[in-house]
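Residue numbers start at 1 and run along the sequence shown. Whatever order the structure lists ligands and atoms in, that order sets their numbers, starting from 1.
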Amino acid sequence: MLKLENVSKIYNTGTFGGKQFKAVRDVNFDIKDGEIVSLIGESGSGKSTIGKMILRLISTSQGKITYDGLDVSKIKGDQVKEYYRRVQGVFQDPFSTYNPIFKADRIFEILHEEFYPSIPKTEWDDRVKTALKSVGMNPAHVLNKFPHQLSGGQLQRFLIARTLLLDTKFLVADEIISMLDASTRIDVLNLLADLRTKGLSVLFITHDLSLGYYISDRAVILYKGSVVEIGDTKKIFDNPIHPYTQMLMCCVPRLDQKWEETEVELTERKPMTPDGCVFYERCHSPHRREDCGHRTPSLVEVEPNHSVACVCCGG
Ligand SMILES: Nc1ncnc2c1ncn2[C@@H]1O[C@H](COP(=O)(O)OP(=O)(O)O)[C@@H](O)[C@H]1O
Ligand SMILES: [Mg+2]
């Protein structure tokens, strides 16, 4: 199980790093084995920052991330190698992941040398072929190709094959679907769902609510680095409570609902204090109160496995 406890990330910004910006604020959630959790929020909400902290690509400023009880920021040497055998990431732009001068076979050779040098070459080659076939690729068509000769969808499936070879247990999938065409999207989503049945856990990062709904057991709704709503995906979608989640839902086209135009109140708000609700400036909920601007609502359980951070439910 992967667990985030009071995790925050502060970036140093400004010309000489003199200013600080809190991109992730006190985030708590966990992902159990074989579970798919989607992390949903608009651009800039801190989703990739969370993914990068899990993958140890950047440090955690406050709080801790543990994997099977081990603090991932404290592991060293062989533990790090073991961690990356289990925890891997696939990102939005699969082209940037590859060295363009290596053919696909070389990418798998590197994996062999790095992680499994004791496995004989013939056995490794068989494993590569099995992994490629299980992501729906024909090894003979792929292995002698350069990355630029493969399509985006092929490259992403290729990356997933790589995680299969590493016996990955936990995958951070950061906006992996965005650049794929519709039919490949379904292939990759179904592939993830299939791998889940084999015990893979996935943090599925997306700005697209409908993708989160399609794939995940639980959802975490993030706004300006704070978790505003969290719980069973179906409960959140059937009964969105936080004004931000409700706003996101309005933007999702649904075939079973008639489009209703709602008037948006345009009022100037005082800038909030650092302790205020992150959504204060954009909130149009009838429950909004003046003190929302200077107090942080805590997550309150509104029904089993569904919590919301808003004054509207006592947060
Ligand atoms: N290295 C960095 N230095 C300073 N600010 C950063 C850095 N990386 C990201 N940010 C800022 O942190 C916020 C969250 O970014 P990010 O995690 O990439 O969001 P998302 O993936 O949800 O779009 C954004 O405001 C972004 O500009
Ligand atoms: Mg991102």
Side-chain angles (χ1 to χ4, degrees), residues 2 4-29 31 36-65 72-73 87-97 152 155-156 159-160 170-180 185 188-189 192 202-213 215-216 218-230 233 236 242 244-245 247-249 251-252 271-272 274 276-282 296 309:
L2 190 112
L4 284 82
E5 290 169 82
N6 303 317
V7 169
S8 298
K9 177 68 191 179
I10 298 164
Y11 286 117
N12 290 322
T13 57
T15 322
F16 299 106
K19 287 186 189 155
Q20 296 201 319
F21 171 68
K22 202 165 189 178
V24 172
R25 299 154 182 258
D26 259 328
V27 165
N28 290 281
F29 67 91
I31 302 162
I36 301 186
V37 172
S38 55
L39 183 57
I40 303 170
E42 61 195 36
S43 174
S45 55
K47 305 181 299 296
S48 295
T49 299
I50 291 178
K52 285 179 195 161
M53 286 191 283
I54 292 172
L55 292 166
R56 291 169 40 98
L57 299 173
I58 56 173
S59 64
T60 303
S61 311
Q62 286 157 1
K64 66 174 178 181
I65 302 175
V72 308
S73 66
V87 180
Q88 283 282 315
V90 179
F91 295 94
Q92 181 164 19
D93 172 12
F95 293 95
S96 65
T97 312
L155 277 176
Q156 274 181 340
L159 267 180
I160 294 171
F170 187 98
L171 186 68
V172 175
D174 190 349
E175 305 271 9
I176 62 167
I177 307 293
S178 321
M179 65 177 294
L180 305 181
R185 279 182 172 199
V188 173
L189 286 176
L192 288 181
V202 183
L203 178 65
F204 188 81
I205 296 178
T206 183
H207 64 277
D208 186 333
L209 217 58
S210 52
L211 285 177
Y213 183 60
I215 189 98
S216 66
R218 282 194 299 138
V220 179
I221 313 287
L222 200 67
Y223 184 76
K224 283 196 185 167
S226 283
V227 175
V228 295
E229 189 153 355
I230 180 168
T233 307
I236 294 180
H242 195 282
Y244 177 60
T245 319
M247 197 190 87
L248 283 179
M249 295 286 184
C251 310
V252 180
M272 65 175 204
C277 168
V278 283
F279 195 58
Y280 177 68
E281 284 162 275
R282 275 169 82 183
T296 313

J.: In Å and rounded to the nearest 0.5 Å, what is the NZ to CZ distance from K224 to R25?
T.: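 Interatomic distance, K224 NZ to R25 CZ, rounded to 0.5 Å: 7.5 Å.
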
J.: Closer than 4.0 Å and a protein heavy atom, does any atom meet both conditions relative to atom 1 (N) of ligand 1?
T.: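 It does: a protein heavy atom is found less than 4.0 Å away from atom 1 (N) of ligand 1.
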
J.: Ligand 1 versus T13, non-hydrogen atoms closer than 4.0 Å: side chain, backbone, both, neither?
T.: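 Side chain only.
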
J.: Hey, could you give me the CD1/CG distance between I50 and L55, rounded to the nearest 0.5 Å?
T.: 12.0 Å

J.: CD1/I221 to NE2/H242 distance, rounded to the nearest 0.5 angstrom?
T.: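 Taking CD1 in I221 and NE2 in H242, the distance rounds to 10.5 Å.
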
J.: Return the closest protein heavy atom for atom 9 (C) of ligand 1 as residue, atom name and distance.
T.: Y11 CE1, 3.5 Å

J.: For atom 18 (O) of ligand 1, state which one of G46, G41, S48 supplies the nearest heavy atom.
T.: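 Nearest heavy atom to atom 18 (O) of ligand 1 lies in S48.
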
J.: Can you report which non-hydrogen protein atom sits closest to atom 24 (C) of ligand 1, along with the distance?
T.: G44 O, 3.8 Å

J.: Quick check on contacts: which atoms of ligand 1 are under 4.0 angstrom from a heavy atom of E42?
T.: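 With E42 as reference, the close atoms of ligand 1 come out as 22 (O).
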
J.: Mark whether atom 26 (C) of ligand 1 lies under 4.0 angstrom from at least one protein heavy atom.
T.: no

J.: Judged by atom type as modelled, is there a donor-acceptor pair below 3.5 Å linking the side chain of S226 to the main-chain atoms of V228?
T.: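 Flag not set: sc S226 to bb V228 has no pair under 3.5 Å.
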
J.: Given that the side chain starts at C-beta and the backbone is N, CA, C, O, which of these parts of A23 lies under 4.0 Å from ligand 1, counting heavy atoms, or is it both or neither?
T.: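 For A23, only side-chain atoms sit under 4.0 Å from ligand 1.
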
J.: Confirm or rule out an N/O/S atom of T49, from backbone or side chain, lying less than 2.8 Å from the Mg ion (ligand 2).
T.: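 Not a single backbone or side-chain N, O or S atom of T49 is under 2.8 Å from the Mg ion (ligand 2).
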
J.: Counting from 1, what ligand 1 atoms have a heavy atom of S43 closer than 4.0 Å?
T.: 23 (O)

J.: If you count the atoms of ligand 1 from 1 in the order shown, which ones are under 4.0 Å from a heavy atom of F21?
T.: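 Close to F21: 11 (C), 12 (O), 13 (C), 25 (O).
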
J.: Does H207 approach ligand 1 within less than 4.0 angstrom via side chain, backbone, both or neither, non-hydrogen atoms only?
T.: neither

